[in-house]
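For reference, the structure discussed in these notes is given below.
Below, chains carry the letters A, B, ... as their sequence lines are ordered, and counting in each starts from 1. Just the heavy atoms: all of them, side chains too, but no hydrogens, waters or symmetry mates, feed the values below.
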Number of protein chains: 2
Amino acid sequence: MGSRELKKAGLKATLPRIKILEILGSNDVRHMSAEDVYKALLESGDDVGVATVYRVLTQFEAAGLISRHHFEGGHSVFEMNEGEHHDHILCVKCGRVDEFLDETIEKRQHALAKERGYAMTDHSLYIYGVCAACQKEQ
Amino acid sequence: MGSRELKKAGLKATLPRIKILEILGSNDVRHMSAEDVYKALLESGDDVGVATVYRVLTQFEAAGLISRHHFEGGHSVFEMNEGEHHDHILCVKCGRVDEFLDETIEKRQHALAKERGYAMTDHSLYIYGVCAACQKEQ
DNA sequence: AACCAAATGCAAACAATTCTCATTACGATT
DNA sequence: AATCGTAATGAGAATTGTTTGCATTTGGTT
């Protein structure tokens, strides 16, 4: 049960929150939009409103349970925080998402921020391309 | 006149397009949202509709005249394509935007994409932080 | 079991962007 | 320079993604 994690994060363990945590935790997809989460809830027969989904996702992000990404195309995508920080590489044809972590890049980013007088708080790096599978088919 | 660039890009040289090109070209701001552009048009007394602004910006992007960024917070920001490709570092307090180019990072990105079987088409890197000026004040 | 603040659901409100369609303006052709 | 077909435009309605207001419900504490 996610009840434990929720309390640890200082959040009341309500039904919607537990359900949403379960959905994000079930490693089917990893990257879900608010709407994806909402649909998943409906499919599993849970009667949760869209507003709640958005509110809960925002709280989870603030609590550090999940992170929000802005992939090309606009709307937010959420991902459970587990394991190391990582960046993303996306296929522009099929939407596939892979993750990577590169120490060289991480270090250069900090260095660059420092050089320019910035106290770096965050960063986002997305690489777009055509994945191996999509390159093959015609 | 931007008329020349427009034709070179295979676009009819219409008044709205010329105006928008001028606005983006006037190095006052460099990073403008669609609404910024729309407001600038209104202020200079030009009667251009929002729909046209969005259409034209999308065409300019497709034609490679400008590029679109998704800075944190959501909506698109556009920037004239001139000079080298570069990435961005943004102040989370005042919204200041600086640009940078780092060969090390660029190369690593290509390498990473290749390693994972992707044919890289594009990438976006944003560093967020607090700029020097904002660090000083309180 | 009873209570209160916090959380939820619903619907309305919003913001950014896109679409529809009747009107207008390029620019190619005479 | 006048004509004409097509592509571009403007106005506003329509979508999409997200947020808000408020009456009702629920979790957790007593």
Handout entry: Ion pair Glu82(A)/Arg30(A), N-O distance below 4.0 Å
Key = yes

Handout entry: Asp47(B) CG - dG12(D) P separation (whole Å)
Key = 11 Å

Handout entry: Upstream residue (5' side of DNA chain D) when Glu35(A) and Ala51(A) are each assigned their closest nucleotide
Key = Glu35(A)

Practice task
Taking only the side-chain heavy atoms of Pro16(A) (C-beta and beyond), determine which of dG28(D), dG9(C), dC26(C) contains the nearest atom.
Solution key: dG9(C)

Exercise for the section: Would you kindly give the CD-to-P distance between Glu61(B) and dT17(C), to the nearest whole Å? Expected result: 12 Å

Handout entry: Lys93(A)/Glu137(A) salt bridge by N-O under 4.0 Å criterion
Key = no

Practice task
Check whether any side-chain N or O of Tyr54(B) sits under 4.0 Å from OP1 or OP2 of dT18(C), and answer yes or no.
Solution key: no

Problem - Salt-bridge contact Glu43(A)-Lys39(A) (side-chain N to carboxylate O under 4.0 Å) - result: no

Problem - Short side-chain N/O contact from Thr14(B) to OP1 or OP2 of dT9(D), under 4.0 Å - result: yes

Practice task
Ignoring backbone atoms, establish whether Thr52(A) has a side-chain N or O less than 4.0 Å from OP1 or OP2 of dG9(C).
Solution key: yes

Problem - Earlier contact from the 5' end, DNA chain C, for Val50(A) and Gly10(A) - result: Gly10(A)

Practice task
Calculate the interatomic distance between Arg17(B) atom CZ and dG10(D) atom P; express it in whole Å.
Solution key: 11 Å

Fill in the blank from the handout: Heavy-atom closest pair (Lys12(B) atom, Leu6(B) atom, distance to 0.1 Å) is O-CD1, 4.4 Å

Practice task
Calculate the interatomic distance between Tyr38(B) atom OH and dG12(D) atom C1'; express it in whole Å.
Solution key: 11 Å

Exercise for the section: Measure from the side-chain heavy atoms of Lys12(B) and tell me the nearest of dA7(D), dA6(C), dT18(D). Expected result: dA7(D)

Problem - Interatomic distance where CG belongs to Asp46(A) and C1' belongs to dA7(C) [whole Å] - result: 16 Å

Exercise for the section: Would you indicate, yes or no, if dA16(C) has its OP1 or OP2 atom less than 4.0 angstrom from a side-chain nitrogen or oxygen of Ser33(B)? Expected result: no

Exercise for the section: Could you tell me whether Asp102(A) and Arg108(B) have a side-chain N and a carboxylate O separated by less than 4.0 Å? Expected result: yes

Problem - Integer-rounded Å distance: dT16(D) P and Lys39(A) NZ - result: 11 Å

Completion exercise
Whole-Å distance, Lys7(A) NZ to dA7(C) C1', equals 15 Å

Problem - Side-chain N,O (Arg55(A)) to OP1/OP2 (dA7(C)) below 4.0 Å - result: no

Exercise for the section: Provide, to the nearest angstrom, the distance between the CZ atom belonging to Arg68(A) and the C1' atom belonging to dT19(D). Expected result: 12 Å

Practice task
Using the closest heavy atom to pick a nucleotide of DNA chain C for each, name whichever of Leu11(B) or Ala34(B) lands nearer the 5' end.
Solution key: Ala34(B)

